[in-house]
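Have a look at the structure below, then the notes.
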Amino acid sequence: MPVPEPALVVAGALVENGRLLLARRASPPELAGLWELPGGKVDPGETPEDALVRELREELGIEVTVGEPVGVDVALSATLTLRAYAVTRFAGTATALEHEALRWVDAADLRGVDLVPADAAWLPDLAALL
Ligand code: C5P
């Protein structure tokens, strides 16, 4: 039997003025209150880049250009993989449309933030962007 490719979740690392944008999850209960790179699932037939543009429009109300991947892909489960990309904002002001809160962190702040477990794997890569 063919083994299906894991579905992909994409997340955006937006850095402006030496600060990285993080978003606080409202759900599910085990992740609520933790901070993440905003993003979401790639829909069937959608490229990862197009999915990230759509997700950041829906979640933050911003328009972005998607750049290079940041860090390595993280396995969320046997069927779900998480990938981060560097993004650049060209329109809109980031607003928490689906998260509890947004926060811009510098390198010192980043070390003390409670990230969702999967995103914590990228800490060195994210710090290198700041
Ligand atoms: O945000 P959403 O619920 O669509 O994300 C799908 C899955 O990807 C969830 O399991 C979520 O915890 C995970 N995720 C993550 N880190 C992110 C974005 C999503 O671990 N930055």
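Note that ligands are numbered from 1 as they come in the structure, with each ligand's atoms numbered from 1 the same way. The model shown is predicted, which means the values in this text are computed figures rather than measured ones.
The two atoms that bring L129 and A13 nearest to each other are CD1-CB, 4.1 Å, heavy atoms only.
Nearest protein heavy-atom neighbour of atom 21 (N) of ligand 1: L37 O, 2.7 Å. Considering only non-hydrogen protein atoms, atom 16 (N) of ligand 1 sits nearest to D119 OD1, 2.7 Å. Residue, atom and distance of the protein heavy atom nearest to atom 6 (C) of ligand 1 are V9 CG2, 4.0 Å. Here the heavy atom of the protein found nearest to atom 18 (C) of ligand 1 is E36 OE1, 3.3 Å. In terms of protein heavy-atom proximity, atom 3 (O) of ligand 1 is closest to R25 NH2, 3.0 Å. Nearest non-hydrogen protein atom to atom 4 (O) of ligand 1 is G40 CA, 4.0 Å.
Looking only at distances, no side-chain donor or acceptor of S27 sits under 3.5 Å from a matching main-chain atom of R25. Listed for the W122 side chain is a donor-acceptor partner under 3.5 Å among the backbone atoms of V72.
Close contacts between ligand 1 and A11 involve ligand atoms 21 (N) [criterion: under 4.0 Å to a heavy atom]. Within ligand 1, the atoms closer than 4.0 Å to a non-hydrogen atom of A118 are 20 (O), numbered from 1 in the order shown. Listed by number with element, the atoms of ligand 1 under 4.0 Å from a non-hydrogen atom of L76 are 8 (O), 13 (C), 20 (O).
Taking CZ of R103 as the reference point, atom CZ of R24 lies at 9.5 Å (rounded to 0.5 Å). The CG atom of D106 lies 8.5 Å from the CZ atom of R111; values are rounded to the nearest 0.5 Å.
In terms of polar-atom proximity, defined here as any N/O pair under 3.5 Å, E59 makes no such contact with ligand 1.
When hydrophobic clusters are built by joining Ile, Leu, Val, Met, Phe, Trp and Tyr residues whose side-chain heavy atoms come closer than 4.5 Å, directly or via intermediates, V70 is grouped together with V113.
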Criterion side-chain contact (heavy atoms from CB on, under 4.5 Å) on L130 and L110, from CA distance to verdict: CA-CA 10 Å; L130 299 176; L110 181 61; 4.0 Å; yes
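Within a 4.0 Å radius of atom 10 (O) of ligand 1, the protein has no heavy atom.
Residue L14 forms a side-chain contact (heavy atoms from CB on, under 4.5 Å) with just one option from I62, L20, L22, L56, and that option is I62.
In L31, the part holding a heavy atom less than 4.0 Å from any atom of ligand 1 is the side chain.
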